[in-house]
Protein chains: 2
Amino acid sequence: MDDPRWLDESEHGAWCSYIAMHARLMAQLHRQLQHDAGLSLADYDVLSQLTNHPAGRARVFELVEALQWEQSRLSHHLKRMQGRGLVTREYCPDDGRAALVVLTPEGRSAIEHAAPRHVAAVRDLVFDVLTPDQVAGLRAVAEAVLDRIEARDDGSAAT
Amino acid sequence: MDDPRWLDESEHGAWCSYIAMHARLMAQLHRQLQHDAGLSLADYDVLSQLTNHPAGRARVFELVEALQWEQSRLSHHLKRMQGRGLVTREYCPDDGRAALVVLTPEGRSAIEHAAPRHVAAVRDLVFDVLTPDQVAGLRAVAEAVLDRIEARDDGSAAT
DNA sequence: CCGGTCTACTTGACATGTCATACACCCCGA
DNA sequence: TCGGGGTGTATGACATGTCAAGTAGACCGG
């Protein structure tokens, strides 16, 4: 384990730029969303997922899958969103353990108000400065890393 | 402002993959670091920055610059790290307002213990699955986005 | 040398995220 | 049908991050 290969100049530079970019980008998008629509990025992601499901209704674990969040993070977050009237919970007749999360009318109108502005911000800060090749490259990178992480997870789970 | 260009298939896919990758990657790296060295990613970044400065000693605002953190986040975090004996504060004779942050021996040995393992993990999950071209591409993307964010910041600050 | 204004940092209140744990319910074999 | 072992979700304690406000020293024009 001692003295593995360190990162070379190019790798180190890429890593630092990446970290800095993510921090600044998310801070920026968060502030914009908060200012324009009173939502956090987290709220947005949840609402956005719900609109991808029929009738704005989904199981908690479906959202966990889609968002790649910790289960308890989602649970806490849903409670707060419920407090603010953005979502409700419904009983699920099929499975007594389940919790159905449902978009309220307020939730729907919040996301409908927020979405165009948020997308515009993402486009302005990210996609407008990238070529189509770079977009494809970014996706390839993200998917390669995700695959690796999944492989590692399986490996350790199987142990 | 109504109905701006939405993201196309390729952009949307890239964005979702990117978000998911970041969440999983950081969670993974955090757990690994926590497990191997009892440090959080945040601790690691701070300590790592300090080792880049002569005598493991730096001004708070230098760290803010380098890490791209909120000022108060760093302030709170330094207090906790000080509580755990990883860093100390020293008075700065040049400027009475300043706070010098100094790496303690424990801090130094913590980062020296953590670094090889952390770097190995980053390499394993990220750079080992990327080609040199992809690394260069990632860096180019990150820098392009950072430049844009800075341009926007200057613009709004100048208004 | 006085006041205003900037700069560097800290603080407190509060929002958010994590980990471990609890809990109710499903499933399945004896 | 009883019990044991998952599954799906919630919760409590606590770590972390954010925003707004506070403090204190520096700088500068009169």
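Model, not experiment: these values are computed from the prediction. In the text below, chain A, chain B and the rest are named by the order of the sequence lines, each starting its count at 1.
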Exercise. Classify every nucleotide of nucleotides 21-28 of chain C by which part a protein heavy atom approaches to under 4.0 Å, writing B for the base, S for the sugar-phosphate alone and - for neither, in 5'-to-3' order.
Key: ----BS--
Exercise. Considering non-hydrogen atoms only, spot the tightest contact between A:Gly107 and A:Leu47 and give its length.
Key: O-CD1, 4.1 Å
Self-check item: For B:Glu112, side-chain contact (heavy atoms from CB on, under 4.5 Å) partners two or more places apart
Solution: B:Arg108
Quiz item: Taking only residues two or more places apart in sequence or in another chain, which ones pass ring pair (Phe, Tyr, Trp, His ring centres under 6.0 Å) with A:Tyr18?
Solution: A:Trp15, B:His22
Practice problem: Starting from C1' on C:dT10, measure out to CD on B:Gln82 and report it in whole angstrom. | Solution: 12 Å
Self-check item: Closest contact, heavy atoms only, A:Asp124 versus A:Val129
Solution: O-CG1, 4.4 Å
Quiz item: How long is the line joining CZ of B:Arg80 and C1' of D:dT18, in whole Å?
Solution: 11 Å
Quiz item: Is B:Arg59 touching bases, backbone alone, or none of the nucleic acid, heavy atoms closer than 4.0 Å?
Solution: sugar-phosphate
Self-check item: Lys/Arg N to Asp/Glu carboxylate O, A:Glu150 vs B:Arg24, below 4.0 Å
Solution: yes
Quiz item: side-chain contact (heavy atoms from CB on, under 4.5 Å) with A:Glu11: which residues, sequence neighbours excluded?
Solution: A:Leu7, A:Asp8, B:Arg123, B:Phe127, B:Val135
Quiz item: Roughly, in whole Å, what's the span from CZ in B:Arg24 to P in C:dG17?
Solution: 18 Å
Exercise. For the residue pair A:Leu50 and A:Val102, establish whether any side-chain heavy-atom pair is separated by less than 4.5 Å.
Key: no
Quiz item: Does A:Lys79 put a side-chain nitrogen or oxygen below 4.0 Å from OP1 or OP2 of D:dA10?
Solution: no
Quiz item: Do you know the tightest heavy-atom contact between A:Ala121 and A:Leu29?
Solution: CB-CD2, 3.8 Å
Quiz item: So, B:Gln32 versus B:Asp36: side-chain donor-acceptor pair below 3.5 Å or not?
Solution: yes
Practice problem: Please tell me if the side chains of B:Leu125 and A:Ile149 come closer than 4.5 Å, counting only heavy atoms from C-beta onward. | Solution: yes
Quiz item: Can you list, by residue number, the residues of residues 31-55 of chain B that have a non-hydrogen atom closer than 4.0 angstrom to DNA chain C?
Solution: B:Arg31
Quiz item: Side chains of A:His77 and A:Asp43: is there a donor and an acceptor less than 3.5 Å apart?
Solution: yes
Quiz item: Starting at CE of B:Met81 and ending at P of D:dA15, how long is that distance when rounded to a whole Å?
Solution: 16 Å
Exercise. For B:Arg89 and C:dC9, give me the distance from atom CZ to atom C1', rounded to whole Å.
Key: 9 Å
Quiz item: In residues 65-78 of chain B, what residues come within less than 4.0 Å of DNA chain D, judged by heavy atoms?
Solution: B:Glu70, B:Ser72, B:Arg73, B:His76, B:His77
